[in-house]
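What you are looking at is a predicted structure, and each value in this text was computed from that prediction instead of being measured. Indexing begins at 1, ligand by ligand and atom by atom, following the structure's order. The first residue in the sequence is number 1, and the count goes up from there.
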Amino acid sequence: MASIAHNYEAAADLLAGRVILITGAGDGIGRAVTLACAAHGATVVLLGRTVTKLEAVYDQIVAAGGERPAIQPLDLAGAGWDDYLRVAAAIESQYGRLDGLLHNAGILGDMSPIEHYDIEVWQRVLRVNLTAVFALTRACLPALKRSADASLLFTSSGVGRKGRAYWGAYSVSKFGVEALTDILADETEENTRVRVNSINPGKTRTNMRRAAYPFEDSSTLVRPENIVLPYLYLLGPDSRGITGQRFDCQA
Ligand code: NDP
């Protein structure tokens, strides 16, 4: 497992001039990483399903003096190929470039043994956490390949690397995300300037964590804004040449 140098510091203008698309940008870890990217100079495209949350992040970026972001509302549970093409086309027409894509949006599904796992929930989790990740990647790859230094970053989980009882479709979806990371890293390594890595945020104080562990004392958990550094490193130029690696945010 890879991790960033303990003394890594992100330059204030680390992401200046870059356009970065982030899914699930309205809440939790995605929101924190989006604000951090904007604070380091990126123009961020905020993709998510709850427009009010995306607008709140948008306003916060503008109020802080960041580059004006863009909002792409999309419910990944119901999106079809045309929707992904539309997102890619909108970015192309507005900016003419894409330098980073962070797949962060995800759902937990049920915490239940496989024997009782609901089939509809299974399909929804795989659709949001894996099929949408594949489809958005596919739609955005042409633009990423045109960038001089592009980063494609997938969000994994501890249970995407070792399965555990009751994590069902979520765990399987994250194993799929790890496979996608390996496959794309291999496919892009030779002839492109796209690097592809996965990141596991570790236990983080968000709605998803609360849903998975309702009785946990959340004050013991790290806040999303305190794990953004590895994301900045992997989305920015300091990770140039690093591809096909699995990163952990927390030891
Ligand atoms: P949250 O539930 O706090 O946030 C998830 C984000 O994904 C929200 O912005 C949510 O939008 C968005 N989202 C969910 N479903 C859809 C959909 N159908 N279409 C579009 N957007 C959607 O989760 P976290 O911040 O905790 O998780 C972020 C990532 O980190 C996930 O991939 C998760 O699996 C991973 N992770 C988290 C850990 C943790 O401890 N928190 C540990 C390991 C991995 P909305 O707010 O509108 O619902």
Side-chain angles (χ1 to χ4, degrees), residues 1 21-36 44-58 60 71-80 83-84 87 101-111 120-121 123-137 153-164 167-178 180-181 197-214 216-228 230-231 234 246-251:
M1 233 51 73
L21 170 60
I22 298 181
T23 71
D27 210 340
I29 296 165
R31 174 178 178 277
V33 174
T34 297
L35 292 172
V44 191
V45 181
L46 320 176
L47 188 150
R49 66 177 164 182
T50 309
V51 174
T52 49
K53 290 186 183 182
L54 299 175
E55 286 172 346
V57 176
Y58 179 106
Q60 207 173 329
I71 290 180
Q72 283 293 329
L74 189 62
D75 182 349
L76 299 170
D83 297 305
Y84 297 108
V87 170
L101 168 52
L102 168 60
H103 291 285
N104 161 85
I107 53 173
L108 180 64
D110 289 344
M111 296 292 290
E120 300 288 322
V121 175
Q123 287 175 333
R124 192 174 337 117
V125 172
L126 286 172
R127 199 172 169 88
V128 173
N129 293 8
L130 186 56
T131 305
V133 171
F134 147 73
L136 186 60
T137 301
L153 187 53
F154 295 97
T155 305
S156 187
S157 162
V159 293
R161 294 166 181 172
K162 172 89 178 78
R164 223 178 317 140
W167 285 83
Y170 178 84
S171 176
V172 170
S173 72
K174 295 299 187 180
F175 267 84
V177 163
E178 294 283 16
L180 206 48
T181 306
N197 296 287
S198 78
I199 188 163
N200 168 21
K203 304 172 185 175
T204 311
R205 200 188 305 184
T206 67
N207 293 336
M208 183 185 287
R209 178 74 193 181
R210 226 177 342 272
Y213 295 92
E216 184 176 58
D217 175 6
S218 65
S219 70
T220 61
L221 298 173
V222 66
R223 290 177 185 278
E225 51 271 32
N226 293 331
I227 60 161
V228 298
Y231 288 86
L234 286 166
R246 293 164 163 70
F247 279 80
D248 277 325
C249 285
Q250 303 180 52

Is the contact between [X] and ligand 1 made by the side chain, the backbone, both, or neither, using heavy atoms and a 4.0 Å cut-off?
X	result
I107	side chain
A211	neither
K174	side chain
T50	both

Spacing of R161 atom CZ and K174 atom NZ [to the nearest 0.5 Å]: 10.5 Å

With sequence neighbours excluded, residues passing side chain to side chain donor-acceptor pair (under 3.5 Å) with Y84: none

Quick check: [X] and ligand 1, any N/O pair under 3.5 Å apart?
X	result
Y170	yes
N200	no
G202	yes
K203	no
D75	yes
G24	yes

Atom 26 (O) of ligand 1: the protein heavy-atom neighbour that sits closest, reported with distance to 0.1 Å: T206 OG1, 2.5 Å

Close side-chain approach of I227 and I29, heavy atoms under 4.5 Å: yes

Closest non-hydrogen atom pair between T23 and A105, with its separation: OG1-N, 2.9 Å

